[in-house]
Amino acid sequence: MFKYKLYPKKNTGEYKLALNMGDSIEQVGSNPTIAVPSSQPPQTPPFSPSTDNPQSTTTTPKPKTGHEITFSGSPFVGSPERLMTSKPPSGARTPTPNTRSRNLTPKFLTPLASFSKTALHFTKLDPIDAWLPITESRNGNAFYAAFHTLCAGIGIQALILPVAFTVLGWAWGVITLTLAFIWQLYTLYLLVNLHESPENGVRYSRYMQLAKAAFGVRLGRILAKFSIVYLSLGTCVASIIIGASTLKIFFQIVCAVDKCNPEKLTVAEWYLVFTCGVVLLSQLPNLNSIAGISLIGSVSALGYCSTIWLVSVSKGRIPNVSYNPVRVGSSVTRFFDVLNALGIIAFAFRGHNLVLEIQATMPTSKAHPSQVPMWNGIKVSYTFVAMCLFPLAIGGYWAYGQLIPPSGMLTALFVYHSQDVAKSILGFTSLLVILNALSTFQIYGMPTFDEMESKYVKRYKKPCEWWQRMIIRAVFGFTCFFLGVAIPFLANLAGLVGGIALPVTLAYPCFMWIRIKKPKVYSPMWWLNWGLGVVGMILSALLISAGIYVVIHDGIKFNFFKPT
């Protein structure tokens with residue numbers, strides 16, 4: 001508990017703020033309480049000045065009886081766009097413990113108990129933030145952070161890493177993958193420590209909010225909006241494409257074992273079946289409520305990544321394997337092939353656009369800041385990420401070399417080992433891929449749900465009803481289904497997607513640190529962030545150019561509305 005005393009300065013209309021840590025203060029509710037001495041008339045505190053009630057200049061309160069403002073919980077009380085004041089915005093209803101609201105999520109929807117719920121003081125929420133999926137629940141912990149970051153940080157894109165090695169070769173492939181892993185881990189550390197601003201008491205609960213605070217509203221929207229939307233929407237569409245295609249394969253494997261002869265579905269119909277599953281799961285109300293889903297997605301990702309590389313390595317190298325890097329075409333073509341391979345590696349390290357949102361689900365206070373459990377969760381999750389990515393890339397390239405299919409390790413497993421691997425292993429691997437695709441859609445779709453619901457909340461100053469939320473999420477899910485059917489080749493553009501998403505992962509956090517933390521000019525931290533940020537932006541431009549060039553030069557089957 002903290003006690004602040006505000007003393008009006010004589011004949012100036014200004015206030016002097018004094019902090020008293022020693023007195024015992026009684027907490028009243030969850031909002032700041034203003035105690036005014038009985039001998040003095042109430043005065044407007046400087047947090048909400050009013051021109052209709054000018055301060056009196058004839059009466060000066062005694063120093064020991066100034067306005068006392070008691071704050072309970074954390075100093076981080078709002079978002080950068082909606083700072084918390086003593087009164088909510090006009091027309092807004094502030095949820096209270098005695099008010100029934102949809103953000104009182106049933107316990108069974110949050111499948112893991114939060115040990116920090118009783119140990120930490122909860123952060124006071126902006127009334128609008130308390131009605132949105134990202135910040136509706138603040139009972140997250142390090143375990144939740146580990147589940148979410150692992151589910152968001154590893155996925156089917158990791159299976160394409162050996163394809164990059166076919167261009168880079170052994171040495172440069174391993175070096176590039178290692179440097180990229182260290183780089184993205186450093187920018188993760190920057191984002192975690194930028195989430196809370198002790199200077200102004202703000203929590204940047206969304207990546208876009210931090211971008212606007214660092215670069216300005218207009219420039220922040222220009223720089224980050226397209227990349228974030230493209231990465232989130234593209235990942236959701238890719239999840240439907242990959243999940244539905246694998247669901248079809250899984251069904252064929254099961255039917256081959258049981259010798260059943262069911263009515264066959266078209267590929268588009270498999271897309272529809274999978275979409276109905278993700279729409280059903282998307283009805284879970286907030287980010288904390290899908291912690292169990294993220295746990296399933298994390299375990300399934302670890303499972304199929306480990307299974308694929310272990311089976312591939314145990315079966316040995318395929319005949320006529322070669323490890324000589326591909327060197328065909330002109331020097332320009334080879335240069336762009338190298339850049340496209342770097343884009344594939346960059347695409348493997350996604351998920352930075354969700355770090356601030358995940359951390360926003362945690363309580364915070366000066367004694368227990370949220371970056372501590374968040375960073376602990378990230379360290380655990382990215383240990384598992386490294387345990388998957390490096391064996392996949394190295395083991396996959398060792399097993400298949402230049403003969404690995406362009407679509408990656410999952411295709412290689414079925415192409416080269418469908419006859420000498422038990423059907424149960426193939427079916428189990430396919431099932432894990434399906435579960436991971438279902439989970440990945442939920443974690444990447446949540447920021448979009450939050451943005452769509454915020455439009456309604458800001459306009460009508462009340463939370464969405466359950467049926468409105470259901471319609472919003474169903475519309476988004478079936479929009480992704482339409483895009484998946486219309487452009488089923490999206491999953492083949494890994495290099496181009498990696499170039500577009502690279503600034504969000506590797507460049508913007510460095511510039512944000514410079515703009516917000518303002519390190520000493522020409523200090524090591526200043527040089528490091530400027531160097532990484534500039535190199536990241538240049539690399540992003542080159543990767544986008546390379547992705548476009550490779551698509552034009554090598555060609556791609558633009559089978560619009562013809563999923564295969």
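Not measured: the values here are computed from a predicted model. FYI, side chains are in, hydrogens and waters are out, and symmetry mates aren't considered; it's all heavy atoms of this structure.
Residues Tyr189 and Gln371 bring no donor and acceptor atom of their side chains to less than 3.5 Å of each other. Checked by atom type, the side-chain pair Gln283/Arg473 shows no donor-acceptor distance below 3.5 Å. Using a 3.5 Å distance cut-off with no hydrogens or angles, the side chains of Thr505 and Gln184 do not pair a donor with an acceptor. Side-chain atoms of Arg206 and Thr135 form a donor-acceptor pair, as typed in the model, at a separation below 3.5 Å. Side-chain contact annotation: His352 with Thr187, donor-acceptor N/O pair under 3.5 Å present. Inspection of the Asn288 and Tyr144 side chains reveals no N or O donor paired with an N or O acceptor under 3.5 Å. In this model, no donor atom of one side chain and acceptor atom of the other lie less than 3.5 Å apart for Thr149 and Tyr382. Between the side chains of Asn353 and Tyr508, no donor N or O sits under 3.5 Å from an acceptor N or O.
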Between Ser370 and Glu196, does a side chain to side chain donor-acceptor pair (under 3.5 Å) hold up when you go through it step by step? CA-CA 8 Å; Ser370 63; Glu196 298 175 355; 2.5 Å; yes

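Scanning for side-chain contact (heavy atoms from CB on, under 4.5 Å) contacts around Ser523 gives Pro519, Lys520, Met525, Trp526, with sequence neighbours left out.
Within the structure, the salt bridge (Lys or Arg N to Asp or Glu O under 4.0 Å) test picks out the following pairs touching residues 222-244 (sequence neighbours left out): Lys225-Glu451.
Taken to the nearest 0.5 Å, the CD1 atom of Ile249 stands 6.5 Å off from the CG atom of Leu410.
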